[in-house]
Visitor: 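Shown below is the structure under consideration.
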Protein chains: 2
Amino acid sequence: MKRITISIVCAGMVMAVSGVMAQSSAPRPAELREIAKHIFQPIPEQAPAPRGESITEAHIELGRKLYFDPRLSRSQSISCNSCHNVGTAGVDNAPKSIGYGWQLGGRNSPTVFNAVFNSIQFWDGRAPDLKEQAKGPLVNPVEMNSTPELVESTLRSIPGYVEAFKHAFPGETQPVTFENTARAIEAFETTLITPNSRFDQFLKGSDTAMRPEELQGLSLFIEKGCITCHSGVNLGGQTIFPFGLVNKPDVKYLPLEDKGRSEVTQNPEEDYFFRVPQLRNVALTAPYFHSGQVWDLKEAVAVMGNVQLGQTLSEGEVHSIVKFLDTLTGDQPRVVHPILPPGTISTPRPH
Amino acid sequence: MKRITISIVCAGMVMAVSGVMAQSSAPRPAELREIAKHIFQPIPEQAPAPRGESITEAHIELGRKLYFDPRLSRSQSISCNSCHNVGTAGVDNAPKSIGYGWQLGGRNSPTVFNAVFNSIQFWDGRAPDLKEQAKGPLVNPVEMNSTPELVESTLRSIPGYVEAFKHAFPGETQPVTFENTARAIEAFETTLITPNSRFDQFLKGSDTAMRPEELQGLSLFIEKGCITCHSGVNLGGQTIFPFGLVNKPDVKYLPLEDKGRSEVTQNPEEDYFFRVPQLRNVALTAPYFHSGQVWDLKEAVAVMGNVQLGQTLSEGEVHSIVKFLDTLTGDQPRVVHPILPPGTISTPRPH
């Protein structure tokens with residue numbers, strides 16, 4: 001029911017905001033900031049630890065290795081970074097990712113950047129956190145196609161990993177587990193955040209960080225009701241909504257065979273419900289939608305206006321909103337490529 | 001004919017060396033070093049510029065991006081780093097690499113590390129340098145399956161690359177070319193060197209860098225004649241030799257369908273000739289041989305002794321030689337993963 005509560009709160013906000021907005025076509029930064037601060041939050045310099053657990057440097061360092069290690073896949077050719085590339089905003093810029101045996105994934109790979117700020121993971125929201133998310137692709141037959149047992153036997157055959165797990169999870173009799181693998185990957189992923197976007201600089205007080213047309217786009221984003229779903233730190237990533245809340249999207253955007261959330265809950269009332277995507281760095285993460293069928297951010301904004309809000313946005317409005325979305329690009333994380341611990345003669349072979 | 005000259009020189013050296021070696025089962029470091037310095041050279045702190053051309057930071061920085069950019073492949077899922085992973089000693093630790101459409105490459109991927117010190121590239125020596133080598137996988141239908149035209153149109157559609165090429169190749173009317181792409185990748189690859197191995201420390205004067213059994217292995221490596229092919233900075237990588245110089249290898253190691261060098265030269269006298277692989281970091285680059293069929297370095301050494309030298313090495317001799325080979329592991333290069341310049345709506349799509 002969370003989504004309905006938020007929806008009501010936001011709708012109230014939108015009405016209040018609309019009054020302010022209507023006063024001026026060139027929003028004054030200070031006034032707009034006061035409203036925006038109720039709706040959005042900047043990305044902090046450091047992400048909170050998931051589930052309140054402590055994250056150590058040893059977790060992060062181990063997770064960085066695991067994130068880049070293709071030996072976690074059955075073919076030993078696919079790593080987390082293959083589809084969530086730290087060089088390309090945490091995505092692979094493909095409609096669907098290529099997995100084991102050149103199979104295509106079911107949905108567009110969401111970005112790992114800032115994913116720690118999402119309250120649910122995957123397009124259907126089936127994982128509550130990045131630890132559970134990390135397990136999914138590892139064992140998905142069309143992705144990395146491994147098993148918990150194969151992951152564990154591989155890592156246990158590599159002395160450098162045995163040491164690193166002992167160091168990261170001290171006191172555990174057998175620290176090299178599938179569960180701890182996911183915990184370490186999650187720990188590394190909490191470092192993949194992109195603070196200091198121009199939008200964040202604006203939120204924090206800069207009157208010059210955003211240009212007038214970008215401020216205009218932000219006003220429209222609020223006024224038109226985009227914030228009903230796209231709010232908070234990540235401008236999304238918290239709630240599940242029908243794709244086609246007002247109007248049914250074209251099957252190009254919403255292929256009928258993928259019913260989204262209801263495939264998890266078996267509740268037909270949730271047919272074609274999907275997690276609201278976060279919009280941080282959205283200018284870098286084409287193609288768009290769970291179907292990955294839209295390469296042009298302008299097209300994505302126009303479609304959203306129509307199917308979610310029942311509004312035909314003018315070309316100028318779309319343009320302004322896209323300009324605003326461009327300001328969501330933050331500082332990309334600097335990642336040193338890990339040196340992976342060498343395997344041994346007993347390490348399972350690629351298959 | 002280069003290989004024959006080297007062969008004679010080395011054979012003379014072996015005879016001289018054998019006299020020294022026979023005097024002691026525990027070689028004295030200083031004496032062994034004097035001999036070894038005539039046969040091997042340590043990896044320098046910096047590689048020489050290929051073809052005497054100057055390499056700038058702008059070349060290297062651009063090359064680092066290109067090396068990691070999967071958009072250079074038709075599927076936009078395969079980069080140079082996919083098969084020559086900087087986290088795993090410049091290889092992918094697979095018998096054959098997985099390429100476009102999940103096709104397997106023809107031969108085991110050689111390491112990119114220290115490849116700048118090789119005088120010929122590829123298992124069949126068909127490229128004289130890393131610039132020419134870099135072009136191969138880009139357009140190989142079973143690897144990245146692109147074309148020079150597709151590479152150029154992709155890079156020209158990405159403003160960040162257009163700027164970076166201009167910066168790296170100033171004064172050129174159209175710097176974004178397939179040729180300059182290869183030059184930049186080569187420039188980055190000259191930084192992928194692994195100095196400071198324990199063997200290099202030994203060569204440079206340390207009497208304690210190598211343990212007695214490793215020195216014993218080095219003595220055997222010289223005495224048995226391995227140095228006929230495996231000498232110089234890279235302990236190989238300079239010459240082309242028959243695989244099966246003395247005895248025919250089992251088809252497990254030498255599949256009959258891959259005739260090696262003669263497929264390039266069309267000269268049947270070079271059937272089953274291959275480039276001598278370099279041995280730097282060999283402990284990390286399993287599986288071995290062009291066929292990638294041997295995972296155990298001990299097995300590789302024993303097979304080499306038999307088919308190249310006509311000798312049945314004892315278990316102890318193999319053990320010592322492998323211990324020596326372990327000392328060839330140098331400092332692995334520290335590579336910061338690049339942030340890749342974003343594409344545009346006109347960037348060719350993955351296919």
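The shown structure was predicted, so the numbers you read here are calculated from the model rather than taken from an experiment. Throughout, protein chains are lettered first and strands after them, A, B, ... in sequence-line order, and every chain is numbered starting at 1.
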Visitor: Drop me the distance from A:C80's SG to A:E189's CD, to the nearest 0.5 angstrom.
Guide: 6.5 Å

Visitor: So, do B:R198 and B:E214 sit near enough that their side-chain heavy atoms are less than 4.5 Å apart?
Guide: yes

Visitor: What option among B:T347, B:V335, B:D92 has the most heavy-atom pairs under 4.5 Å with chain A?
Guide: B:V335

Visitor: Under a 4.0 Å N-O cut-off, is there an ion pair linking B:E299 with B:K252?
Guide: yes

Visitor: Please classify the contact of B:P70 with chain A as side chain, backbone, both or neither, using a heavy-atom distance under 4.5 Å.
Guide: side chain

Visitor: Under 4.5 Å, counting heavy-atom pairs only, tell me which of A:S75, A:S79, A:P333 racks up the most with chain B.
Guide: A:S75

Visitor: Under a 4.5 Å heavy-atom cut-off, does chain B meet the side chain of A:I98, its backbone, both or neither?
Guide: side chain

Visitor: Contact part of A:P341 toward chain B, heavy-atom cut-off under 4.5 Å: side chain, backbone, both or neither?
Guide: neither

Visitor: Can you tell which part of B:N93 gets under 4.5 Å to a heavy atom of chain A, answering side chain, backbone, both or neither?
Guide: backbone

Visitor: Does B:D200 come within less than 4.0 Å of B:R280, counting only side-chain N to carboxylate O?
Guide: yes

Visitor: With distance as the sole criterion, is a donor-acceptor pair present between the side chains of A:Y288 and A:N108 under 3.5 Å?
Guide: no

Visitor: State whether A:E315 and A:K298 are salt-bridged, where the test is any N-O pair (Lys NZ or Arg NE/NH1/NH2 against Asp/Glu carboxylate O) under 4.0 Å.
Guide: no

Visitor: Need one label for A:I78: side chain, backbone, both or neither, based on atoms under 4.5 Å from any heavy atom in chain B.
Guide: side chain

Visitor: Contact part of A:S77 toward chain B, heavy-atom cut-off under 4.5 Å: side chain, backbone, both or neither?
Guide: side chain

